[in-house]
Amino acid sequence: MEKEKIKSIIESILFARGEEISFLQLAKTIEIKKSEVISAVDELIVQYQEGKKGFGIIKNGENIQMVTNPDNAQFVERTIKKNLQETMSRTALEVLAIVAYRGPVSRADIEAIRGVNSSFTLRNLLMRGLIIKSTNENDQRGYLYNISSEFIKKMGIGKIDELPDYEGLSKDKRVESIINLNVEK
Amino acid sequence: MEKEKIKSIIESILFARGEEISFLQLAKTIEIKKSEVISAVDELIVQYQEGKKGFGIIKNGENIQMVTNPDNAQFVERTIKKNLQETMSRTALEVLAIVAYRGPVSRADIEAIRGVNSSFTLRNLLMRGLIIKSTNENDQRGYLYNISSEFIKKMGIGKIDELPDYEGLSKDKRVESIINLNVEK
Amino acid sequence: MLFVVKIYLELLCFLKNSTIDTMYNVKIEQFEGPLDLLLELINKEKMDITNISLAQIADQYLDYLENKEDINIVNLADFLTVAAKLILIKSKALLPLLDLSNEEEEEIFDLEKQLEEYRKFKLVAQEIEKIYNNDRQSFSRDNFIEIEPQFAPPEGIGGKELAEIYNNILGQIPVFEKLEEERIIKVISLRERIDNLKEMLSHKAEINFSELVKKGSNRVEIIVSFLAVLEMVKRRIVVVEQGEIFHDIKFKKII
């Protein structure tokens, strides 16, 4: 495989993955030698530095990870801060309410109840520390979401079932019917 | 601010944010004009394409998002947790096509083309994140549907007008021909 | 009542033209909507979308509706609205002197355009399917993956507010099965109409078509009634007669 192609693939993988990955795993994925991976990564690091690009690659022993260029840190922080300070959208509040009354709840069920994809909203709620996720024993690929203990405390209650009309709302039949409908289809 | 610096900052923000972001929000964060953002983004898109880089930027209306190069899809797929690709029904594809070429489009307009009720299919596409809905300013009760960035990513294109025969199909010929008919009479 | 007269003219033509071998030449399968079915019929005959081709396949379309065992299809109303337009088109094709109102002309024109439009989207949907299923696709990153969560609760949102929001969501959950039931109830099905007519004829020897359709009838119901009469004529349950061209249609029970 051409070196330029190898570099392009490595960029794609590092970008999409986020977490760190080992040279060996990259080599296996692309089906090339580990030495080829190392040499391509070294070239990328130099390119990013010389081109003053927005990202860089950091090495940690046998692992590498793509990160933002620290020179741009203030702008990245500003974006994050803005995101946190922004008043929460109606969409975010709806997902929060569903997690509150239905938690532990899967993303699929949240989406069935609202009828809209909710993946980005869930990430934003996680980032704001309002919800937490745990692995779903019934579905290896998915997670279950719950309200975080900080937010429960913030609302001035001790446990989630102290929310108004918890018994009635959390077992509403309409929710069951729409979730089942989507399972059937 | 220098153009190269602007490009570097945009790269960092897009990388860290992951989710799509509007030109305006970028301009505010970097404290530059929106036109500067647009021109920098256009340069980045060309650079990525010409250099066959691992990333690209997709556009959807006023929003942009950094994504991987679609040519590297088979390698990226091996390293990330991916939701199972659901198959699309013929009905779903029809509605999706109408939204893609005619969006923003109301449910009534979609149904006028298809001749059948399409609410269930619209809901299904919304849940899969392939279309998005927004409130219709001319009709408070109704919604308008648009294609999502998720759809653009799945199609491996950079923006909606790269779809086959976009020019020809995106315009409503029927409106034009009705006008012509009236002129003839 | 001009519309009814036209229906009647069509009825006569239809009876003259229909023979057994044309009855079952459309494979009964699930078409999602009337346009779907029309396109299939036109494609099968390798015709362009014109008034003439629509007039030619009108019978096949009606056959399909009649022979459909499960007539309580969700979108029966949609199918019947198109049936009404087809009958109009065929009447006009067979009787060139038939004067249509502007509104009716427009309806015919609209159906043609709608079909053309629908055909384009059906074709492009196939293209989209190919692109969608090919190996090329882009991936994005999750938002803010590398950033540690920071507790940032929304202002002024407590239990009471969440309960309110959640209640609101519950109110907006669509009930699809119920919706479909309602649609079915609104339209009298063909079979119901036939039973209904038989019942009426058991008390009365003769019924005027106008009587049948007068109370709160919309076009869909008129068409259902028409199809029901048609079916009964075919089964030799009734005979139909009309004194003069603009007179009401009478039908009588065959004893």
Side-chain angles (χ1 to χ4, degrees), chain B residues 14-20 55-56 58 65-74 76-77 80 82 85 87-88 90-98 100-102 111-117 119-120 123 149-158 163-165 168-169 172-174 177-178 181, chain C residues 30-39 73-79 81-82 85 102 105-106 109-147 172-174 176-177 179-180 183:
Chain B
L14 291 180
F15 177 85
R17 184 175 165 94
E19 196 182 346
E20 60 188 347
F55 352 83
I58 57 165
Q65 186 175 25
M66 188 174 274
V67 298
T68 59
N69 182 336
D71 291 334
N72 300 334
Q74 52 159 319
V76 178
E77 272 172 11
I80 56 169
K82 200 177 135 239
Q85 176 106 336
T87 52
M88 293 263 261
R90 210 167 48 110
T91 306
L93 283 161
E94 271 176 35
V95 174
L96 201 53
I98 296 170
Y101 287 89
R102 289 288 161 79
E111 290 176 352
I113 294 175
R114 300 191 61 236
V116 274
N117 184 296
S119 57
F120 194 85
R123 186 184 145 86
S149 297
E150 183 65 22
F151 173 74
I152 293 176
K153 278 188 275 171
K154 284 263 164 66
M155 297 288 285
I157 56 176
L163 286 177
D165 192 25
L169 262 181
D172 189 350
K173 290 246 176 58
R174 194 164 149 212
S177 50
I178 287 170
L181 183 87
Chain C
Q30 189 61 51
F31 287 97
E32 209 217 342
L35 300 183
D36 221 8
L37 171 58
L38 267 185
L39 267 189
I73 40 179
V74 183
N75 28 30
L76 180 63
D78 298 323
F79 275 97
T81 311
V82 169
K85 289 179 188 172
N102 280 345
E105 290 275 9
E106 213 167 276
F109 177 75
D110 274 356
L111 181 62
E112 240 178 275
K113 291 296 147 200
Q114 196 186 9
L115 262 182
E116 261 167 33
E117 183 96 325
Y118 181 59
R119 170 139 84 181
K120 277 188 230 154
F121 279 106
K122 263 184 95 76
L123 289 175
V124 86
Q126 290 169 6
E127 296 285 304
I128 287 184
E129 184 176 27
K130 274 186 221 144
I131 303 172
Y132 191 88
N133 290 331
N134 72 12
D135 287 334
R136 287 182 91 252
Q137 67 165 309
S138 297
F139 297 90
S140 56
R141 282 158 62 84
D142 282 343
N143 36 349
F144 299 112
I145 338 179
E146 24 179 44
I147 289 123
Q172 281 172 11
I173 292 178
F176 281 98
E177 300 96 324
L179 266 178
E180 289 173 8
R183 281 175 71 93

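If you're wondering where the values come from, they're calculated on a predicted model, not measured in any experiment. Note on naming: letters A, B, ... go to the chains in the order of the sequence lines (proteins, then strands), and numbering restarts at 1 for each one. No hydrogens, no waters, no symmetry mates; every other heavy atom, side chains included, goes into these values.
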Task: Salt-bridge present (C:Lys120, C:Glu116; N to O < 4.0 Å) - done: no
Open item on the list: Do the side chains of C:Lys130 and C:Glu127 get close enough for a salt bridge, i.e. N-O under 4.0 angstrom?
Closed with: yes
Among [options], which has the most heavy-atom pairs under 4.5 Å with chain C?
| options | answer |
| --- | --- |
| B:Leu14, B:Asn72, B:Ile98, B:Ile157 | B:Ile98 |
| B:Gln74, B:Glu20, B:Gln65, B:Glu111 | B:Gln65 |
| B:Phe55, B:Phe15, B:Phe151 | B:Phe15 |

Task: Top contributor to chain B contacts, counting heavy-atom pairs under 4.5 Å, from C:Asn134, C:Val124, C:Asp135 - done: C:Val124
Task: Engaged part of B:Met66 at the chain C interface, taking heavy atoms whose separation is under 4.5 Å - done: backbone
TODO: Name the region of B:Glu94, side chain, backbone, both or neither, that has any atom closer than 4.5 Å to a heavy atom of chain C.
DONE: both
TODO: Would you give the length of the straight line joining atom CE of B:Met155 to atom CG of B:Leu96, rounded to the nearest 0.5 angstrom?
DONE: 7.5 Å
Task: Check: C:Glu117 and B:Arg102 side chains under 4.5 Å, non-hydrogen atoms - done: yes
Open item on the list: I'd like to check C:Ile131 versus B:Pro164 (side-chain heavy atoms, cut-off strictly below 4.5 Å). Are they in contact?
Closed with: yes
